[in-house]
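The chain is numbered in sequence order, starting from 1. Side chains included, hydrogens not; waters and symmetry mates left out as well; all remaining heavy atoms used.
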Amino acid sequence: MAALKGLLKKGLGEMDFNAGGGLINWFPGHMAAATRAIRNRLKLADLVIEVRDARIPISSINSDLQSHLSLKRRVIALNKKDLANPNIMHKWVNYFETCKQDCIPINAHSKSSVTKLLELVELKLKEAILKEPTLLVMVVGVPNVGKSCLINSIHQIAQSRFPVQEKNKRAAVGPLPGVTQDIAGFKIANKPSIYVLDTPGVLVPSISDIETGLKLALAGSVKDSVVGEERIAQYLLAVLDTRGTPLHWKHLLNNRRIDGISYDEENNRYNLKTLKQRRSSPNRSDLVYVEDIVLGVQHALYSTLAEFNGNVEDEGDLENLIDEQFGALQKALKIPHKASEARLMVSKKFLTLFRAGKLGPFILDDVPIAKPV
């Protein structure tokens, strides 16, 4: 991984990844105010659901608030599990269990998945039932980990359980006995009454180094415009190459040919705006169009890495390989060679495929040995 770190330092070393300023100001000023507000609202919460991206379980945290969160009953929800490698996901679950931290992988779009999360929440709150007649659950997380989607799914489940509750049912809660405050939330359980706040708390990610910042950018928690799509795509290619991921696609490429999906460099034409292939037959589905694109991209990365004679652990060799892969991706995506921003266009399409899970499930963070912060 030395080549990867060297490449990052060479390409991004001039960038300041501090949230508070520097050459790049990662987050707007109101985020700091939001963090202060969360600290105050945490006093009201009986349990916190901390939503993290399942692909970056450690990178998608706010270190400054971990000390506050650790003092509360907490469930870590690793969202977007459908985009994460299940073979590694269970290792993360086991890891958090050994750290005595409740953790559950979820898909916020799945009712059954969110229901399992709520069951765990109710179980964790049993010990507080005798103390408080009304309990409050707060959802927090860094940007784009799926907090709002989770809140919407919880709202739907709440309406099915208690259909008569008003759209903005309010729960009277307070940090101290005899002190109450009206908080808008959804009722998810009775006896005791358990409410989930209808507005999630947005945490500012802790960006301690360049690679953490790039992981967050790749996962969508940092705007592409802040880092630059080309830099993010370069990082993704470097990770794929150093891990040898494209070489594992060989059997997938063969299976797709057997299933009747083949890649033809000369005849496939794509609509660059929609990432869909232009219709060559009115009977072919959009799914097949996307599959054709995915196949072309995977073929391009597999062939360039398989034919690569250098060493991916060498910084210079890795940089040359990535440059070659950008050219192969441009050809696979049928982006005109004369396009003035061809590399940028390649980066945008490539990142779109990755974020949609079309290149397969992936986890960027390595399971640590020490306990998480």
Side-chain angles (χ1 to χ4, degrees), residues 19 26-27 31 34-35 38-39 42 45 47-110 113-114 116-118 120-121 124 137-154 196-197 199-209 211-222 354-355 357 361-368 370-373:
W26 287 82
F27 297 98
M31 294 288 266
T35 301
I38 288 175
R39 286 196 181 99
L42 279 174
L47 182 142
V48 176
I49 299 175
E50 184 187 0
V51 185
R52 300 185 187 181
D53 191 314
R55 297 166 296 178
I56 45 175
I58 294 297
S59 296
S60 56
I61 68 170
N62 177 290
S63 298
D64 294 335
L65 280 179
Q66 288 303 308
S67 59
H68 297 271
L69 295 175
S70 62
L71 297 176
K72 312 293 294 188
R73 297 180 186 86
R74 174 175 59 165
V75 173
I76 294 178
L78 298 178
N79 190 32
K80 305 184 182 181
K81 70 173 186 177
D82 53 311
L83 299 179
N85 188 331
N87 296 325
I88 303 178
M89 192 75 268
H90 81 275
K91 295 181 181 179
W92 273 104
V93 174
N94 293 338
Y95 167 68
F96 282 112
E97 288 179 352
T98 61
C99 297
K100 301 186 184 305
Q101 172 60 62
D102 292 288
C103 169
I104 180 172
I106 67 167
N107 178 353
H109 293 282
S110 167
S113 183
V114 175
K116 290 180 180 178
L117 169 63
L118 295 181
L120 178 58
V121 167
K124 292 298 297 179
V137 177
M138 184 177 180
V139 178
V140 301
V142 302
N144 204 37
V145 291
K147 301 179 301 299
S148 296
C149 181
L150 177 59
I151 289 287
N152 291 336
S153 294
I154 291 175
V196 176
L197 282 175
T199 302
V202 181
L203 304 180
V204 180
S206 300
I207 304 177
S208 57
D209 54 52
E211 188 166 7
T212 298
L214 284 167
K215 288 178 181 178
L216 288 162
L218 184 54
S221 292
V222 174
F354 174 80
R355 289 166 177 165
F362 210 79
I363 292 183
L364 295 167
D365 279 346
D366 294 323
V367 180
K371 290 185 178 181
V373 292

> Should we count NZ of Lys72 as having more than 12 external heavy atoms under 6.0 Å?
Replying inline: yes
> Are the side chain of Asn79 and the backbone N or O of Ala108 linked by a donor-acceptor pair below 3.5 Å?
Replying inline: yes
>> With a 3.5 Å distance limit and no angle check, can you tell me whether Asn107 reaches the backbone of Asp82 through a side-chain donor-acceptor pair?
In response: no
>> Restricting to non-hydrogen atoms, name the atom on Ser60 and the atom on Arg52 that form the minimum distance, rounded to 0.1 Å.
In response: OG-CB, 3.4 Å
> At their closest point, which heavy atom of Arg355 faces which heavy atom of Leu218, and how far apart are they?
Replying inline: NE-O, 2.9 Å
> Closest heavy-atom contact between Ala219 and Asn144?
Replying inline: O-ND2, 3.4 Å
> More than 12 foreign heavy atoms under 6.0 Å from NE2 of His68: is that the case here?
Replying inline: yes
>> Run the side chain to side chain contact (heavy atoms under 4.5 Å, CB included) test against Asp365 and tell me which residues pass, sequence neighbours left out.
In response: Ile56, Pro57, Ile58, Ser59, Trp92, Lys215
> Is there a donor-acceptor pair closer than 3.5 Å between any side-chain N or O of Gln101 and the backbone N or O of Tyr95?
Replying inline: no
> Phe362 and Arg55: which non-hydrogen atoms are nearest, and at how many Å?
Replying inline: O-CG, 3.1 Å
> For the residue pair Met138 and Ala45, what are the closest heavy atoms and their distance?
Replying inline: CB-CB, 3.9 Å
>> Show the nearest heavy-atom pair for residues Ser221 and Pro143, with the distance to one decimal.
In response: OG-O, 2.6 Å
